[in-house]
A.B. asks: 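Can you read through this structure? Questions will come right after.
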Amino acid sequence: MSEESSESVESIETSEPAETSAVINLVRQEHPAAILSTHRHRSDETLVLKREFIQPICRLLRDHPDCQFEMFVDMTAVDYLLVETNLQQTERFEVVYHLRSLSKDHRIRLKCPVPENDCQIPSIHLLWHAVNWYERECYDMYGIHFEGHPNLNRILMYEQFQGHPLRKDYPMDKQQPLLELNDVEERYHYGRFE
Amino acid sequence: MSTSELTTISAEELKPIHLPGAIIPAPPEESDTSIMRIEIGPAHPAMHGIVRLTTYLDGEQIVGMVPEIGYLHRGFEKESENSKWIQVIPYTDRLNYVSPVLNNIGYSMAVEKLFGVEIPRRAQFARVIMGEISRITDHLTCLAACAMEVGGFTFFLWFIKAREYLYELLEQVTGGRVTINWTRFGGNGTDFPDGFLKEVEVRLEKVQEVIEEGDQLVTRNKIFIDRMKNIGVLSKDRAISYGFTGPLLRACGVPYDIRRADPHLVYDELDFEIPIGEVGDSYDRFLVRMEEMRQSISIIEQAIDKIPYGPVMTRERYLGYPDKKEVYGSIEGLIDHFKMVMEGHHPPAGEVYQPIEGGNGELGFYLVSDGSGDPVKCRVRPPCFNYVQAMPELALGHYVADVVAIFGSINMIGGELDR
């Protein structure tokens with residue numbers, strides 16, 4: 001790496017404002033016990049929360065006139081197993097939400113650490129329509145249980161699939177047996193089998 | 001879960017939205033034959049890929065629907081996590097396979113954001129030109145298929161013909177029609193060949209002609225309007241709550257375009273309008289897409305006027321491969337090339353979310369890097385995931401023949417939906 005390039009990288013980092021935004025201050029004011037940390041990287045604002053607070057904070061962010069995050073953009077999880085990192089990870093999983101406000105024109109990222117041995121988090125499917133399928137996908141891929149979700153089934157994989165494929169300890173080249181045709185037909189009543 | 005008393009809140013206190021979700025009517029009595037279940041898909045010609053809509057009918061009216069997806073799941077994220085950063089670019093071609101350039105651009109921009117670098121201006125303009133060409137191919141395909149499914153076969157042939165003009169343009173730059181693998185981190189793989197921009201102008205004129213012909217053919221056609229008008233209506237608030245973006249949200253009357261709202265590349269220097277609809281039905285989506293193609297043509301023409309000369313790749317050693325001349329001619333070049341091939345890129349530790357306006361809505365990439373050279377997480381936010389989720393509500397109360405008119409207008413792309 002040449003000297004010029006390292007300088008240009010640093011200058012972008014330092015150009016970001018250090019102060020926290022009004023949204024983070026508001027959350028800190030309303031739920032002081034909920035925030036684990038905040039940071040701002042490449043102009044993406046991030047709020048790391050305790051998972052117990054995800055419902056009231058999401059409601060606050062959706063309904064408060066200063067926030068108005070009326071669009072639920074994306075949700076996923078990250079598995080930090082086997083990651084030798086300086087990302088300062090305390091728990092194995094982290095559920096990540098991205099919200100967008102159209103009227104206020106800002107974005108925010110929420111993160112909730114979830115431990116491996118108690119792999120659940122309250123569902124927020126009552127707040128936005130879009131959440132329902134995203135939580136199902138997250139459950140399908142990582143096995144994180146969303147407490148209160150009305151229909152927590154697999155969405156991308158098939159029902160008989162064993163394990164959760166995006167966990168880091170799920171082997172890349174593992175193969176699972178294909179379904180017997182009879183199982184499928186029985187399930188969907190396509191044929192008449194005695 | 002051990003939630004403390006302080007934070008447990010009841011469902012009413014959450015001010016829930018009314019949730020239809022997957023609408024499944026109560027199972028009828030054995031003697032009752034009023035509700036019929038009919039499976040549309042997975043392998044149905046109108047299903048644009050593979051998706052299954054379990055539809056419940058009362059007579060011919062839809063009373064419930066359960067979409068089932070995942071038939072095209074190829075493990076994009078798992079593959080990406082086990083690849084080097086640069087090896088993910090070809091996978092992104094296969095996400096939305098009718099606008100592959102936009103996927104390439106989105107992913108590359110996300111990694112560039114992770115690095116914190118800015119690419120040369122010529123490369124930015126080139127991305128705008130190629131991206132808008134790709135957006136036109138996306139809309140052409142969607143509208144062509146949508147019109148064909150409601151009976152307009154000529155329209156389909158004309159629009160696919162126009163799409164082919166544009167695919168040939170992509171081929172001149174990238175060497176491939178659909179699987180193009182064009183962008184790199186810090187720029188683009190290839191510059192435009194000689195005379196390319198002239199060729200673009202010529203072909204865009206031909207495409208514009210086809211669009212106007214198609215416009216005359218179906219836009220004010222009574223049969224077409226009868227099939228599309230007031231079908232699949234979704235209100236503004238519910239569309240936002242469902243996470244609709246792109247042409248579908250604009251058809252509901254929300255002027256939200258990421259090219260304007262979160263300006264990326266050089267879109268803030270270009271002049272274009274954001275068309276919006278009124279009621280948010282299938283016909284509005286058709287009109288919005290038609291107008292967006294004209295706007296895209298205008299954007300390309302402006303970008304051709306403004307595109308500067310210069311490199312299309314940054315000179316950062318840690319981003320791009322060195323020139324072949326350097327590799328074979330100097331020891332430093334050879335070492336750089338070797339390290340790049342063997343170790344790949346090393347973005348600094350951190351996480352980014354980069355949204356761009358894809359052909360179909362907000363295409364977002366969420367990347368997590370630990371600085372080691374392998375992606376920890378490479379998530380793509382597919383726009384049509386939300387649209388298919390809303391299918392039960394869009395189709396409720398309509399007739400079974402309207403399913404294709406609705407499903408055609410939401411432009412589901414299997415590769416992107418199931419990843």
Side-chain angles (χ1 to χ4, degrees), chain A residues 1-2 5 8-9 12-13 31 33-34 41-42 44 46 51-53 55-56 59 63 70-74 76 78-80 83-87 96 98 102 105 107 109 118 120-122 125-130 132-134 137 141 147 150-151 154-158 165-166 168 170 172 188, chain B residues 1-4 6-7 9 11 13-17 19 21-22 39 69-70 73 75 77-78 81-82 113-118 237-238 240-243 245 254 256 261-262 316-318 348-353 355 362 364 366 368 370-372 376-377 379 381 385-386 388-390 418-419:
Chain A
M1 192 186 292
S2 65
S5 62
S8 69
V9 169
I12 287 167
E13 274 173 356
H31 300 280
H41 179 65
R42 306 275 186 241
D44 288 0
T46 308
R51 57 177 169 163
E52 297 90 0
F53 290 85
Q55 282 182 340
R59 185 187 48 148
D63 293 339
E70 62 274 84
M71 184 183 279
F72 185 85
V73 176
D74 187 25
T76 185
V78 186
D79 183 357
Y80 285 100
V83 177
E84 293 168 6
T85 172
N86 47 2
L87 295 174
V96 185
H98 287 96
L102 302 185
D105 195 22
R107 290 177 185 269
R109 177 190 300 138
D118 180 24
Q120 46 184 340
I121 185 168
H125 74 279
L126 289 169
L127 291 167
W128 292 276
H129 286 91
N132 193 312
W133 274 24
Y134 281 111
E137 189 194 338
M141 291 293 148
E147 194 192 339
N151 179 28
R154 288 187 180 277
I155 184 165
L156 292 177
M157 310 307 291
Y158 49 96
L166 275 184
K168 292 278 183 194
Y170 187 90
M172 171 76 177
Y188 296 122
Chain B
M1 172 183 282
S2 58
T3 43
S4 61
L6 191 148
T7 56
I9 46 179
E13 213 182 329
L14 271 170
K15 292 186 204 156
I17 41 174
L19 266 180
E39 304 280 357
I69 66 169
H73 180 63
E77 285 179 46
K78 190 76 178 172
E81 285 171 15
N82 288 282
K113 190 173 174 183
L114 207 50
F115 272 111
V117 294
E118 196 163 312
D237 295 341
R238 296 180 78 81
I240 292 172
S241 180
Y242 264 116
T245 44
V254 184
Y256 175 61
D262 303 309
E316 311 285 4
R317 277 279 163 93
Y318 57 94
E351 52 183 343
V352 292
Y353 177 78
E362 174 166 343
Y366 172 64
V368 180
D370 61 348
S372 70
V376 174
K377 174 82 185 168
R379 152 93 182 163
R381 186 261 187 208
F385 195 70
N386 304 54
V388 178
Q389 184 180 359
D418 299 337
R419 282 150 291 153

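Because the structure is a prediction, the values reported are computed rather than measured. In what follows, every heavy atom counts, from backbone to side chain, and hydrogens, waters and symmetry copies are set aside. Convention: sequence-line order gives letters A, B, ...; per-chain numbering from 1.
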A.B. asks: Over all heavy atoms of both residues, which pair between A:Ala130 and B:Gly243 is shortest? Give the atoms and the distance, please.
C.D. replies: CB-N, 4.1 Å
A.B. asks: Does any backbone or side-chain atom of A:Leu166 lie under 4.5 Å from a heavy atom of chain B? Answer side chain, backbone, both or neither.
C.D. replies: both
A.B. asks: At a heavy-atom separation under 4.5 Å, does B:Glu77 approach chain A through its side chain, its backbone, both, or neither?
C.D. replies: both
A.B. asks: Only pairs of heavy atoms separated by less than 4.5 Å count here; which of B:Asp262, B:Asp418, B:Thr245 has the most with chain A?
C.D. replies: B:Asp262
A.B. asks: Please examine the side chains of A:His41 and B:Pro348, heavy atoms only from C-beta on, and report whether any two atoms are closer than 4.5 Å.
C.D. replies: no
A.B. asks: Which atoms of B:Asn82 come close to chain A, meaning under 4.5 Å heavy atom to heavy atom: side chain ones, backbone ones, both, or neither?
C.D. replies: side chain
A.B. asks: When rounded to the nearest 0.5 angstrom, what is the spacing between CD in B:Glu81 and NZ in A:Lys168?
C.D. replies: 3.5 Å
A.B. asks: Are the side chain of B:Gln389 and the backbone N or O of A:Tyr134 linked by a donor-acceptor pair below 3.5 Å?
C.D. replies: no
A.B. asks: Please name all residues satisfying ring-ring contact (aromatic ring centres under 6.0 Å, His included) with B:Tyr353, sequence neighbours left out, ordered by chain then number.
C.D. replies: A:His98
A.B. asks: Could you pull out the closest heavy-atom pair between B:Lys78 and A:Tyr170, with the gap in Å?
C.D. replies: NZ-O, 2.9 Å
A.B. asks: Any side-chain heavy-atom pair from A:Val78 and B:Arg379 closer than 4.5 angstrom?
C.D. replies: no
A.B. asks: For the interface with chain B, which of A:Asp79, A:Leu102, A:Asp105 has the highest count of heavy-atom pairs at distances below 4.5 Å?
C.D. replies: A:Leu102
A.B. asks: State whether the side chain of B:Lys377 and the backbone N or O of A:Tyr80 hold a donor-acceptor pair below 3.5 Å, judged by distance alone.
C.D. replies: no
A.B. asks: Identify, with sequence neighbours excluded, every residue that meets side-chain hydrogen bond (donor to acceptor under 3.5 Å, both in side chains) alongside B:Asp237.
C.D. replies: none
A.B. asks: Between CG of B:Asn386 and CG of A:Asn132, what distance do you get to the nearest 0.5 Å?
C.D. replies: 11.5 Å
A.B. asks: Does any heavy atom of chain B fall under 4.5 Å from the side chain of A:Arg109, the backbone, both, or neither of them?
C.D. replies: side chain
A.B. asks: Atom CD1 in B:Ile69, atom CD1 in A:Ile155: separation rounded to 0.5 Å?
C.D. replies: 4.0 Å
A.B. asks: Where on B:Val254 is there a heavy atom nearer than 4.5 Å to chain A: the side chain, the backbone, both, or neither?
C.D. replies: side chain
A.B. asks: At what distance, to the nearest 0.5 angstrom, does CE of A:Met141 lie from CZ of B:Arg419?
C.D. replies: 7.5 Å
A.B. asks: Is the shortest heavy-atom distance from the side chain of A:Val73 to the side chain of B:Arg381 under 4.5 Å?
C.D. replies: yes
A.B. asks: Counting heavy-atom pairs under 4.5 Å to chain A, which of B:Ala390, B:Gly70, B:Gly364 comes out on top?
C.D. replies: B:Gly70
A.B. asks: Any idea which heavy atoms bring A:Asp44 and B:Glu351 closest together, and the distance?
C.D. replies: OD2-O, 4.5 Å
A.B. asks: Examine whether an atom of B:Phe385 lies under 4.5 Å from a heavy atom of chain A, and if so say whether it belongs to the side chain, the backbone or both; otherwise answer neither.
C.D. replies: both
